[in-house]
Amino acid sequence: MAGVSAGNREWDGASYDRISAPQARWGQAVLERLELAGDETVLDAGCGSGRVTERLLARLPRGRVVAVDASASMLDQARARLGQADGRVSYVQADLLHLRPRDLAGAVPLDAVLSTATFHWVTDHDRLFANLFALLRPGGQLVAQCGAKGNIDGVISAVRSLGVERAGTWLYATPEETKKRLERAGFTDIEVWSHPEPTPFPERQVLEEFLETVCLREHLASLAPSQRRPFAGAVAAAMPEPVIDYVRLNIVARRGLGSNHD
Ligand SMILES: C[S@@+](CC[C@H](N)C(=O)[O-])C[C@H]1O[C@@H](n2cnc3c(N)ncnc32)[C@H](O)[C@@H]1O
């Protein structure tokens, strides 16, 4: 459990698995950017409940996936979904900010790192990218997507309109900042861009569960359980429409062929 502390690391894995259709949809598009022959070893960095991991495994019939997440509840859900996949998947509970090659014994150097909807929860991207770089073989790919600058601004405004200053702790970086950070970590062939992904929730109850499980998770953890859903309901009511204004940051990069493994 490299560097994992209790507290606000925890998610409700079962609820996330139920309501994460938007992340699964975006993750499929991100996964298609990975160049795979089918026999590679790939890290899913922040695998969550394993919905995207399952699709990654399907692209690796002769390969392996290392599924890393800080949340025990998410990893339990991923195990329930994927099982052992004929020994092609292993699970590691770890904080990406503390992940070292020795935590992935036997799997490093990796051919690729995939990460979806996770990096914005990790607020030191210099350290994050340096850690991931150290796990990759020369020529290995990093393909990721997370929240970009402007992500869920409307939800944050709705929270503030209720007198709560801070709904969560995220790093919503710009493409320009991210490109510089990736260069500093040693990556090459870098492409970074953002795009809006407004996400409608026609059913009020689904919007409230989604806000409770994902966007407001950190703030709600500081409230009594009985106050959580009412607060999510108040935020939903304060939003101008039942649409979450997601903005996604897309990353494609490589560890250069000339860089030796540490
Ligand atoms: C929104 S979920 C995304 C899950 C999955 N990749 C998907 O696309 O559905 C974010 C995940 O990142 C994990 N996470 C957040 N910060 C982390 C960290 N520092 N180290 C490891 N996992 C982290 C959370 O536990 C959670 O499972």
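Atoms within each ligand, like the ligands themselves, are counted from 1 in listed order. Worth saying up front: this structure is predicted, and the values here are computed from it rather than measured.
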Would you say that more than 12 heavy atoms from the other residues, nucleotides or ligands in this model lie under 6.0 Å from the CZ of Arg62, or not?
yes
Judged by modelled atom types alone, do Gln23 and Thr116 share a side-chain donor-acceptor pair under 3.5 Å?
no
Can you tell me how the ring of His120 sits relative to the ring of Tyr172, calling it parallel under 30°, perpendicular over 60° and tilted otherwise?
tilted
Numbered in order shown, the ligand 1 atoms found under 4.0 Å of a heavy atom of Gln23 are 9 (O)
Rounded to the nearest 0.5 Å, the NE2 atom of His125 sits from the CG atom of Leu249 at a distance of 8.0 Å
Top protein contact for atom 8 (O) of ligand 1, by heavy-atom distance
Thr116 OG1, 2.7 Å
Which protein non-hydrogen atom lies closest to atom 17 (C) of ligand 1, naming both residue and atom, and how far is it?
Val122 CG2, 4.0 Å
Classify the contact between Cys47 and ligand 1 as side chain, backbone, both or neither, using a heavy-atom distance cut-off of under 4.0 Å.
backbone
For Ser71, the ligand 1 atoms with a heavy-atom partner under 4.0 Å come out as 25 (O)
Could you identify the single nearest non-hydrogen protein atom to atom 16 (N) of ligand 1 and state the distance to 0.1 Å?
Trp121 CB, 3.7 Å
Would you find a donor on one side and an acceptor on the other, under 3.5 Å apart, between the side chain of Asn151 and the backbone of Val247?
yes
For ligand 1, which atoms sit closer than 4.0 Å to a heavy atom of Asp95?
18 (C), 19 (N), 20 (N)
What residue and atom, counting heavy atoms only, is the protein's closest point to atom 22 (N) of ligand 1, and at what distance?
Ala70 N, 3.2 Å
Cation-pi check, Arg248 onto Trp193 ring (under 6.0 Å, within 45° of axis):
no
Closest protein heavy atom to atom 10 (C) of ligand 1, given as residue, atom name and distance to 0.1 Å
Ala117 O, 3.3 Å
When you measure from atom 11 (C) of ligand 1 to every protein heavy atom, which one gives the shortest distance, and what is it?
Thr118 OG1, 3.6 Å
Subset of ligand 1 atoms that lie under 4.0 Å from at least one heavy atom of Arg9:
19 (N)
Side chain, backbone, both or neither: which part of Tyr16 comes within less than 4.0 Å of ligand 1 when only heavy atoms are counted?
side chain
Cation over ring, Arg255 on Phe187, under 6.0 Å and within 45°?
no
Taking the six-membered ring for Trp, are His219 and Phe231 parallel (under 30°), tilted (30 to 60°) or perpendicular (over 60°)?
tilted
The atoms of ligand 1 lying under 4.0 Å from a heavy atom of Gly48, numbered in the order shown, are 4 (C), 27 (O)
Can a non-hydrogen atom of Leu97 be found less than 4.0 Å from any atom of ligand 1?
no
Quick check: does Val68 get an N/O under 3.5 Å from an N/O on ligand 1?
no
I need the single residue from Leu43, Val30, Val65 that forms a side chain to side chain contact (heavy atoms under 4.5 Å, CB included) with Leu114. Which is it?
Val30
Should the pair Tyr246 and Trp26 be assigned to parallel (<30°), tilted (30 to 60°) or perpendicular (>60°) ring geometry?
perpendicular
Considering the heavy atoms of Ala94, write down every atom of ligand 1 situated less than 4.0 Å from one of them.
20 (N), 21 (C)
Pull out every atom of ligand 1 sitting under 4.0 Å from any heavy atom of Gly46, numbered as shown with elements.
4 (C), 5 (C), 6 (N)
Considering only protein heavy atoms, which is closest to atom 20 (N) of ligand 1, and at what distance to one decimal place?
Leu96 N, 2.9 Å
Under a 3.5 Å threshold, yes or no: a donor from one side chain and an acceptor from the other, between Thr213 and Asp12?
no
At what distance is the nearest protein heavy atom to atom 26 (C) of ligand 1, and which residue and atom is it?
Asp69 OD2, 3.5 Å
Contact between ligand 1 and Glu10 is defined here as a heavy atom of the residue under 4.0 Å from a ligand atom; is it met?
no
One pair to check against salt bridge (charged side-chain N to carboxylate O under 4.0 Å, His left out): Arg160 and Glu165. What are the steps and the verdict?
CA-CA 5 Å; Arg160 290 203 176 125; Glu165 189 47 34; 3.1 Å; yes
